[in-house]
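What you see is a predicted model; the values in this text were computed from it and never measured. Start at 1 with the first residue, then count along the sequence.
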Amino acid sequence: MELIEKLGKPNSKIKIAFKVIWILAITGLIVLPLFIFTVSIDLGGLYGGMPSLKSLENPENDLSSELISSDGTSLGRYYRYNRSQALYEELSPQLVNTLLASEDHRFQTHSGIDLQGLLRAVTGVLTFQYAGGGSTITMQLAENLFNTMSENEGLLYNVPGLKQVIIKTKEWIIAARLEKNFTKKEILAMYLNTVSFGSNAFGIKTASETFFAKPTDSLNYQESAVIIGLLQGTTAFSPIYNYDRSIIKRNQVLNKIYRHGHINQTELDSLKQLPIDVSGYGVSNHNTGLATYFRSMIKTELTLWAQEHGYDLYEDGLKIYTTIDSRMQKYAEEAVEKHMADLQKVFNEHWKGQNPWRDLQGREIPGFLENRFKNTEHYRALVKKYGAGNDSIKIVMNLPRKMTVFSWEGEIDTVLSPLDSVKYYKHFLHTGMMSMDPHSGHIKAWVGGINHKFFKYDHVRQGKRQPGSTFKPFVYGAAVENGYPPCYEVPDAMVTFQVVGDPPTWSPPNHDGTYGSGELMTIRQGLARSVNTVTAFLMQQIQPQNVVDFAHRVGIESELEAVPSLCLGVNDVSIFELVGAYSTFANMGISTKPYYISRIEDKNGNVIENFVPKTKQAISPQTAYKMLYMLRGGVEERGGSSQGLSMELKIDNEIGGKTGTTNNASDGWYMGVTKDLVSGVWVGGDERSIHFRNWSLGQGSKTARPIWDQYMRSVYSDPTLGYEKGKFQQPPGGIDVALDCSRYGTVDSDSTVVEEPAWDPNSIN
């Protein structure tokens, strides 16, 4: 009677509707239980199967696997659908109240099926006065978990009008079973974890991070109303794509919150006046956030591991704990960004009006861009479409089109032809940087390039380039191991090797093109000043094969040729290898292969596998410490190539450093060693032919060392990291030889010399 009074004087349509309802009610008392039973057992395959009791007790939901830093920060996720679980305890009370007020305010009192809401929905349909659907949160969860709309179709699904009835009946049955197996709190959390909120955000945890850059336990009523409003239309009510409609929907949800007594009139009016703050909005993808190159690099490795252990990296919610420290990663990325942006300005001005791809004689390489375009996916697609050599390819590659390109000032929307796009990007300098704890083997920071969205190539492990003078410590290390003390004196004089070829001899010059000043210097001074003739002398004495063996023992894995020119670093290696090898010096001669994953857990927190580094005693502690003393010469010797480091780094601190620069300044390197960290930086063009014209501008002390300098200053300035200045640890029992080369002219000076290039007559830029 109440319903009739609310509707007013009944018309003929309403009278007919109520007669139908009464008939259906009486019939339902007999037919409905039987129908529900036959659906539940899928009688004769008419209705399609139902979830098993086991699956109801343990419903599966595709979960993204999360990469976590050593300090507990999420570095990113691997997913098909960007989804992450939130516990009920992680949901703010305001969020829970908003959800219930908007979607199912009788949730706490019904058992999965809201008969009052269902009756309202049926009445609305029959009277053509729609008043909302009858699905409860539990019924919606049933659909989200088990895809009742699209999976397990029975024979009767083809009968017009019957499919929807069967689907709803399945949802009722599953909802009732869910209510039996889970608490109300668990159902609420499960529901919020299974819905899409748009913007590639699946689940409330990801949605909260995407739209408001905050955890779910911090969402207020205004923010909760925006997010819950998205359930009615992820695009239609998106504050990003339809701001005005999002405001309207938010206010509608706020009205419901008010009607159910969670806020008063004053609060409602105040909240409605607020704008939606989307300043924290950011769609999660593999090109954003910290350690993008690191995340991309290890994805293949993690995928294979997951397959071997019976998991799906993209769906099983694995927790991958890494050795990366998010704070140090941030400092490394900031140091790279600041210096590379400044260096790019210098490079652009240096080549203003000219192209930087040059042959050994400094002439622009003809056909360079056309040849590089042929290496692109775009070119291969054009060949597939038009055929090789077709004139249409040339037309398309020179046809301007809209595109977004990278710049250090931000992305630029512009118009370029595909060929001009290649030209634009070939002008950029690139970099790679890695920082490692030499004692544990933990990689703490990994920067594979300047921008992962536009430049996918990883310059830490994937990229290999000539190391130049950063390879020299392995020559000196082999010499020290063979009895040469750091204070051993060698003349700066021409050294000639017998080689196979024309001419049959090779005499490496110093950086200034001369073959020695005749000055007598210690080998520590020779390494500090990066004097080629001193390095060549030691290579001649101990022979190339011994240097190859030494380098491989301490951590270099790339193939090395046992030839005289190896002493100047002509064989390509990676930053990953160099940092690992230098770490052997800082770790008492123990070679520890750099590693980056500490453990992997399943979605329930059970440890699946722990990882430990691979270690071996590569050289003696005595040799290792002597090499640290040798490397310290770069800071402490007159003319040392690390003299230009910031004074705040050098005070009360022992630093081992080595710069490196290859032919024509194609590659600039810096390797820095302290008692707790070994870090390496490389800077160069996309190809060896792209470089500064002036060698002095492209040397490692100008291109790479400033990044290490800035990074270490940031690390030392952060007391939460626990890294302090200090001295290198000496071997047990002390040093077996006097390490004091001061009597040979060592001074503490800020004077510098220009470091030599690694000269190789057979190298090709």
Open item on the list: With side-chain contact (heavy atoms from CB on, under 4.5 Å) as the test, pick out the partner of I228 among V195, L100, L219, L99.
Closed with: L99
TODO: Taking only Lys NZ, Arg NE, NH1 and NH2, and the carboxylate oxygens of Asp or Glu, determine whether K330 and E333 approach each other closer than 4.0 Å.
DONE: no
TODO: Indicate whether the side chain of T404 and that of E411 have a donor and an acceptor atom separated by less than 3.5 Å.
DONE: no
Task: Within-4.5 Å side-chain heavy-atom neighbours: F197 and I227 - done: yes
- [ ] Indicate yes or no: at least one non-hydrogen side-chain atom of L67 is less than 4.5 angstrom from one of I298.
- [x] yes
- [ ] Name all residues meeting the side chain to side chain contact (heavy atoms under 4.5 Å, CB included) criterion together with N451; count only those two or more places apart in sequence or in a different chain, and write none if there are none.
- [x] F406, K453, F454, F455
Open item on the list: Any donor-acceptor pair under 3.5 Å linking the side-chain atoms of D104 with those of H110?
Closed with: yes
- [ ] Just say parallel, tilted or perpendicular for the rings of W305 and F611, cut-offs at 30° and 60°.
- [x] tilted
Task: salt bridge (charged side-chain N to carboxylate O under 4.0 Å, His left out) contacts in which one or both residues fall within residues 262-274, not counting sequence neighbours - done: none
- [ ] May I ask you to decide whether E601 forms a salt bridge with R599, counting only side-chain N to carboxylate O separations under 4.0 Å?
- [x] yes
Open item on the list: T303 vs Y78, test: side-chain hydrogen bond (donor to acceptor under 3.5 Å, both in side chains). Steps then yes/no.
Closed with: CA-CA 10 Å; T303 301; Y78 301 105; over 6 Å; no
- [ ] Determine, stepwise, if the pair M403 / T414 fulfils side chain to side chain contact (heavy atoms under 4.5 Å, CB included).
- [x] CA-CA 6 Å; M403 63 178 66; T414 186; 4.2 Å; yes
TODO: State, yes or no, whether a side-chain contact exists between R327 and T720 at a heavy-atom distance under 4.5 Å.
DONE: yes
Open item on the list: By the salt bridge (charged side-chain N to carboxylate O under 4.0 Å, His left out) test, which pairs, at least two apart or in different chains, include something from residues 247-260?
Closed with: none
Task: Validation row, ring centre Y331 to ring centre Y711 under 6.0 Å - done: no
TODO: Taking atom types as modelled, find out whether Y191 and Q140 have a side-chain donor-acceptor pair closer than 3.5 angstrom.
DONE: yes
Open item on the list: If we count only N and O atoms by modelled type, under 3.5 Å, do the side chains of Q232 and E103 hold a donor and an acceptor together?
Closed with: yes
TODO: Go through the steps for D325 and H442 under the test side-chain hydrogen bond (donor to acceptor under 3.5 Å, both in side chains), then give the verdict.
DONE: CA-CA 9 Å; D325 187 292; H442 291 180; over 6 Å; no
TODO: Would you indicate whether the side-chain heavy atoms of E223 and S92 approach each other to under 4.5 Å?
DONE: no
Open item on the list: Students often mix this up, so state it plainly: with edges at 30° and 60°, are the rings of F294 and Y596 parallel, tilted or perpendicular?
Closed with: perpendicular
Open item on the list: Whether the S69 and Y321 side chains hold a donor-acceptor pair (N or O, under 3.5 Å, no angle test) is what I'd like checked.
Closed with: no
Task: Contact check, side chains of S421 and H378, non-hydrogen atoms, under 4.5 Å - done: no
- [ ] Determine, for K205 against E209, whether the closest basic-nitrogen to carboxylate-oxygen distance falls under 4.0 angstrom.
- [x] no
Task: Test side-chain hydrogen bond (donor to acceptor under 3.5 Å, both in side chains) applied to N264 and Y258, step by step - done: CA-CA 6 Å; N264 57 39; Y258 164 72; over 6 Å; no
TODO: Return the minimal non-hydrogen interatomic distance between D316 and G310, and the atom names on each side.
DONE: OD2-O, 4.5 Å
Open item on the list: What I want to check is whether the side chains of Q94 and N220 have a donor and an acceptor closer together than 3.5 Å.
Closed with: no
Open item on the list: For the aromatic rings, using the six-membered ring if either is Trp, is the centroid distance between F107 and H105 under 6.0 Å?
Closed with: no
TODO: Flag the pair I257 / L268 as yes when at least one side-chain heavy-atom distance between them is below 4.5 Å, and no otherwise.
DONE: no
Open item on the list: Side chains of D602 and Y311 only: does a donor on one sit below 3.5 Å from an acceptor on the other?
Closed with: no
Task: 4.5 Å side-chain heavy-atom contact, H309 and E609 - done: yes
